[in-house]
There are 2 protein chains.
Amino acid sequence: MELNSYKTDQRILIAVDCIILGFDGEQLKVFLAQKELNSANNWSAIGSFIQPEETSEDAAGRLLYQVTTKANVYIEQLHTFSALDRDPAARVVSIVYLALINIADYHEQVHFPHDTKWFSLNNLPPLMLDHRDMILKAHARLREKVVTNALGFELLPKKFTMSHLKSLFEAIYGSPLDRRNFIKKINSLGILKRLNEKEKESSRKGAFYYVFNNSKYVAFERVDAKRK
Amino acid sequence: MELNSYKTDQRILIAVDCIILGFDGEQLKVFLAQKELNSANNWSAIGSFIQPEETSEDAAGRLLYQVTTKANVYIEQLHTFSALDRDPAARVVSIVYLALINIADYHEQVHFPHDTKWFSLNNLPPLMLDHRDMILKAHARLREKVVTNALGFELLPKKFTMSHLKSLFEAIYGSPLDRRNFIKKINSLGILKRLNEKEKESSRKGAFYYVFNNSKYVAFERVDAKRK
DNA sequence: CCAAAAGTGTTTAAACTACACCCATGC
DNA sequence: GCATGGGTGTAGTTTAAACACTTTTGG
């Protein structure tokens with residue numbers, strides 16, 4: 001910015017909104033809050049004004065911790081929205097983050113001061129302001145990054161089967177995948193470790209559990225970077 | 001954000017910075033301004049505080065127009081920086097944009113109130129605040145997007161030869177490319193149109209000029225989107 | 001013994017890589 | 001006539017896509 005114009009009086013407020021995505025085994029879901037009853041478009045992403053002593057990352061982390069009460073949740077900056085009329089009550093610029101969590105851990109929404117609910121991305125409720133755009137952009141980002149980065153495992157529990165993983169990718173892409181080719185490709189990345197343990201609920205035969213192997217993932221990232 | 005806390009008095013200023021990239025035929029360059037003489041780290045990206053009645057896109061466009069005096073310049077939002085200590089003089093959050101221009105059009109820097117200069121990305125001057133991070137992030141974004149999106153043509157003049165284009169991609173990737181394979185790949189995208197006109201300066205034989213075919217590009221984009 | 005999901009392999013096509021020779025022309 | 005950059009093709013490898021049968025076991 002221009003150093004010689006610090007005098008500018010902007011009166012613009014800065015908010016942070018978190019698009020928190022989860023996966024219920026069948027569909028991608030987003031965690032929304034309802035702040036005012038009897039309002040038409042009253043669902044919104046989890047958000048807050050940024051505090052003077054915190055960064056936008058701090059604020060996003062604070063919101064996320066409020067929802068999850070966990071550290072080390074995957075989060076990345078998505079986009080900053082600054083349309084003049086995006087909030088009729090005041091001039092508010094919103095820095096939006098995308099977070100991915102394992103939905104199963106948070107079905108009971110403890111410690112959150114609003115009415116909250118998970119909504120399928122295919123069936124969003126009326127949303128306030130430009131929060132629908134935020135959610136669509138979050139979904140688009142996830143679709144893009146899941147190809148190159150080994151992203152998306154954050155949406156599953158620690159242990160998962162190949163069927164779970166395939167369902168997740170199908171939900172993200174919105175189209176069916178060939179089971180054999182999918183498994184082949186995932187295995188070729190070398191980022192999963194098969195456990196000697198089977199999930200027995202969804203089939204007679206039982207399906208092996210896998211865990212995401214973080215160390216191998218780092219190696220994969222380096223290879224990918226070098227290739228470019 | 002939370003509607004019930006509009007009272008928050010933040011006193012955080014919002015700036016917009018533009019990382020303007022160009023290509024001089026050999027190297028990627030960034031357009032920087034020097035605002036204060038006799039200061040150690042005194043080069044910076046083109047920036048300004050956001051005005052109360054403009055969006056961040058407006059502000060970025062305004063800055064860009066100041067430099068280029070042209071409309072229709074490629075620009076996209078890059079990242080928002082909000083570290084507490086990023087500007088010692090005040091709490092400033094900066095929304096950063098990435099712009100790509102044809103450097104040849106702007107060697108004489110008209111209408112700009114500061115000392116300005118193009119710097120090679122490989123040889124950056126001392127930069128104020130976190131502007132070095134911004135530039136590195138811009139370069140990274142360009143590297144990522146140039147693969148999937150047919151981006152980067154904005155950095156070349158309307159007419160260019162395959163050698164020019166190859167040099168550009170080599171500068172973006174930072175590594176040499178095989179001429180034959182490169183041309184084959186570019187042609188397979190069907191986004192270029194060969195003119196019946198040759199550039200005769202850099203070789204005896206002369207090299208065909210090409211132009212970027214926007215309509216074909218749109219088709220390419222659609223195909224790509226559907227594939228996902 | 002059968003229903004339901006798990007597990008596995010092959011064939012074909014497409015994309016990418018490496019690599020070498022001829023062309024046109026100004027000097 | 002030769003040096004310089006321009007233009008093109010092919011063979012080998014890797015990766016992606018299409019596709020079907022066998023395995024396990026609870027009921």
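A, B, ... follow the sequence lines: proteins, then strands. Residue 1 opens every chain.
- Under the rule for a salt bridge (Lys or Arg N to Asp or Glu O under 4.0 Å), A/Lys184 has no partner lying at least two apart in sequence or in another chain.
- Rounding to whole angstrom units, NZ of residue A/Lys166 and C1' of C/dA6 are separated by 12 Å.
- A distance of 13.0 Å separates NZ of A/Lys193 from OH of A/Tyr210, quoted to the nearest 0.5 Å.
- Here D/dG7 presents its P atom at 11 Å from NE2 of B/His164, a figure rounded to the nearest Å.
- Side-chain contact annotation: B/Thr161 with B/His164, donor-acceptor N/O pair under 3.5 Å present.
- Remark: A/Lys166 fails to qualify as a cation-pi partner of A/Phe182 under the 6.0 Å distance and 45° angle criteria applied to the six-membered ring.
- Where A/Asn187 and A/Ser202 meet DNA chain C, the nucleotide closest to each residue was compared, and A/Ser202 sits on the side nearer the 5' end.
- Atom CD of A/Gln77 is separated from atom OG of A/Ser56 by 5.5 Å, given to the nearest 0.5 angstrom.
- In this structure, CZ of A/Phe182 is placed 13 Å from P of C/dG7, rounded to the nearest angstrom.
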Original post:
For nucleotides 18-27 of chain C, read 5' to 3', which letter fits each nucleotide if B means a protein heavy atom sits under 4.0 Å from the base, S means only the sugar-phosphate is that close, and - means neither?
Top reply: BBB--BBBB-
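- Between B/Ile183 atom CD1 and D/dG9 atom P there is a gap of 12 Å when expressed in whole angstrom units.
- Residues satisfying the salt bridge (Lys or Arg N to Asp or Glu O under 4.0 Å) criterion with A/Lys185, sequence neighbours excluded, are absent altogether.
- If you measure from atom OH of A/Tyr209 to atom C1' of C/dA6, you get 14 Å, rounded to the nearest angstrom.
- B/Ser163 comes within contact range of the sugar-phosphate backbone alone, with a heavy-atom separation under 4.0 Å but no base atom that close.
- When rounded to the nearest whole Å, the span between CD1 of B/Ile186 and C1' of C/dA15 equals 15 Å.
- Regarding A/Glu201, its CD atom lies at a distance of 14 Å from the P atom of D/dG26, rounded to whole Å.
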